[in-house]
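Here the structure comes first, spelled out in structure tokens, and everything after it is commentary.
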Amino acid sequence: MMDRQAENWEESLSESNETRSFVRPVLSVVTPAFNEELNLVEFCRQVSEQIERLGLTWEIVIVDDGSSDHSSAVLSRLHEKDARIKAIR
């Protein structure tokens with residue numbers, strides 16, 4: 001189950017998704033994920049908050065290494081809300 005801070009962060013994502021999707025990122029964070037559905041939102045929240053503090057444009061690329069849980073659905077939902085979060089399957 002996701003903690004409240006991660007839930008609030010995810011709910012705030014869609015507020016300005018359209019303008020953010022056209023900005024070229026200065027920093028790309030790339031990480032693998034295998035059966036991480038319960039951790040993906042919190043991971044993206046923590047990483048994005050730290051990068052935002054630096055004032056950089058960014059993207060998070062998560063490589064789904066064949067997860068058998070709902071990681072793919074979580075990644076799709078996050079990408080729909082924020083185009084800077086991307087998934088490779």
Note to self: Can you tell whether the side chains of E7 and R4 come within less than 4.0 Å, N to carboxylate O?
What the structure shows: yes
Closest non-hydrogen atoms of K86 and E59, given as atom of the first, atom of the second and distance, are NZ-OE1, 2.7 Å
With distance as the sole criterion, is a donor-acceptor pair present between the side chains of S12 and R45 under 3.5 Å?
no
Residue set satisfying side-chain hydrogen bond (donor to acceptor under 3.5 Å, both in side chains) with D65, at least two apart, ordered chain then number -> none
Step-by-step side-chain contact (heavy atoms from CB on, under 4.5 Å) determination, E10 to L78
CA-CA 7 Å; E10 185 179 358; L78 288 171; 4.1 Å; yes
Between the NE2 atom in H79 and the CG atom in L13, the distance rounded to the nearest 0.5 Å is 12.0 Å
Under 4.5 Å between side-chain heavy atoms, hopping through other hydrophobics if needed: is there a path connecting I60 to L56? yes
Residue set satisfying side chain to side chain contact (heavy atoms under 4.5 Å, CB included) with Q46, at least two apart, ordered chain then number -> E42
Closest non-hydrogen contact found for C44 with W9 is CB-CH2, 3.5 Å
Taking a hydrophobic cluster as the set of Ile, Leu, Val, Met, Phe, Trp and Tyr residues connected by side-chain heavy atoms closer than 4.5 Å, whether directly or through intermediates, do I85 and V26 fall within one such cluster? yes
Correct closest heavy-atom pair for S71 and L40 would be O-CD1, 3.8 Å
### Query
Does T31 reach the side chain of F43, with side-chain heavy atoms less than 4.5 Å apart?
yes
(message) Is it the case that the side chain of D69 and the backbone of E36 share a donor-acceptor pair, with hydrogens and angles ignored and the cut-off at 3.5 Å?
(response) yes
Non-hydrogen side-chain atoms of R77 and V41 separated by less than 4.5 Å:
yes
Do V30 and I88 belong to the same hydrophobic cluster, where Ile, Leu, Val, Met, Phe, Trp and Tyr are linked whenever their side-chain heavy atoms lie under 4.5 Å apart, directly or via other members? yes
On a heavy-atom basis, the closest approach of R24 and T57 is O-OG1, 3.0 Å
Correct closest heavy-atom pair for S67 and A33 would be OG-O, 3.7 Å
- prompt: Any side-chain heavy atom of R89 sitting closer than 4.5 Å to one from S76?
  reply: yes
